[in-house]
Amino acid sequence: QVQLVESGGGLVQPGGSLRLSCAASGSILSINTMGWYRQAPGSQRELVATLTSGGIPNYADSVKGRFTISRDNAKNTLYLQMGSLKPEDTAVYYCNLRSFPFNYWGQGTQVTVSS
């Protein structure tokens, strides 16, 4: 019913920047929460940032001040602007959309921070 397609991942040097996008399509309710999560090999998936349709953001402490989440509600598109990237940011980044009772995930996009 809902599809999430991420783009923008890739290889970047420490201290660099990268912008991720997530395009949502399908039967999307106007009231929802979209977010970014990430998972490194051998680790649990963790929250990076979320943003409600009302514009309320929430960030993991590890990315505060470096990442910015935004969304275009008219286009049903979510963004994550990542700056001052560190090697520990390396992970597969997943787009998420939650609107009771549904919970959707994208396929993930690889972000690698390395020199």
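Count residues from 1 along the sequence.
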So, for Ala40 and Ala91, which heavy atoms are closest and what is the spacing to 0.1 Å? N-CB, 4.0 Å

Residue list, side chain to side chain donor-acceptor pair (under 3.5 Å) with Gln39, at least two apart or on another chain: none

Which pairs, with at least one residue in residues 102-111 and sequence neighbours excluded, count as a side chain to side chain donor-acceptor pair (under 3.5 Å)? Glu6-Gln107, Asn96-Asn103, Gln110-Thr112

Given side-chain contact (heavy atoms from CB on, under 4.5 Å), test Phe102 with Val2 step by step and report yes or no. CA-CA 9 Å; Phe102 304 109; Val2 173; over 6 Å; no

Answer yes or no: is there a side-chain heavy-atom contact under 4.5 Å between Ile28 and Leu97? yes

Residue set satisfying side chain to side chain contact (heavy atoms under 4.5 Å, CB included) with Val12, at least two apart, ordered chain then number -> Leu85, Val113

Check: Thr90 side chain, Glu88 main-chain N or O, donor-acceptor pair, under 3.5 Å: no

Please say whether more than 12 non-hydrogen atoms of neighbouring residues, nucleotides or ligands are located less than 6.0 Å from CD in Gln13. no

May I have the step-by-step check of side-chain contact (heavy atoms from CB on, under 4.5 Å) for Cys22 and Met34, ending in yes or no? CA-CA 10 Å; Cys22 172; Met34 297 187 73; 4.2 Å; yes

Carefully, step by step, assess Arg45 and Tyr37 under the rule side chain to side chain donor-acceptor pair (under 3.5 Å). CA-CA 6 Å; Arg45 188 173 300 184; Tyr37 296 73; over 6 Å; no

Spacing of Trp36 atom CH2 and Glu46 atom CD [to the nearest 0.5 Å]: 15.0 Å

Test log, rule side-chain contact (heavy atoms from CB on, under 4.5 Å), inputs Gln81 and Ser17: CA-CA 7 Å; Gln81 181 66 51; Ser17 300; 4.1 Å; yes

Result block: side-chain N/O donor-acceptor pairs under 3.5 angstrom for residues 48-55, not counting sequence neighbours:
from	atom 1	to	atom 2	distance (Å)
Thr52	OG1	Gly54	N	3.3
Thr52	OG1	Gly55	N	3.3
Thr52	OG1	Ile56	N	3.0
Ser53	OG	Ser30	O	3.2
Ser53	OG	Asn32	N	3.2
Ser53	OG	Asn32	O	3.4

With sequence neighbours excluded, residues passing side chain to side chain contact (heavy atoms under 4.5 Å, CB included) with Ser70: Arg19, Tyr79

Would you mind checking if Lys86 and Asp89 are paired as a salt bridge, meaning a charged N to carboxylate O distance below 4.0 Å? no

Is Leu4 reachable from Leu78 through a run of hydrophobic residues whose side-chain heavy atoms are each under 4.5 Å from the next? yes

Could you give the distance from CZ (Arg38) to CD (Gln44), rounded to the nearest 0.5 Å? 14.0 Å

List the steps and the verdict of side-chain contact (heavy atoms from CB on, under 4.5 Å) for Thr33 and Ser99. CA-CA 7 Å; Thr33 299; Ser99 181; over 6 Å; no

Distance, nearest 0.5 Å, that separates OH of Tyr94 from CG of Leu47: 15.0 Å

Would you list the pairs meeting ring-ring contact (aromatic ring centres under 6.0 Å, His included) in which at least one residue belongs to residues 46-68, sequence neighbours left out? none

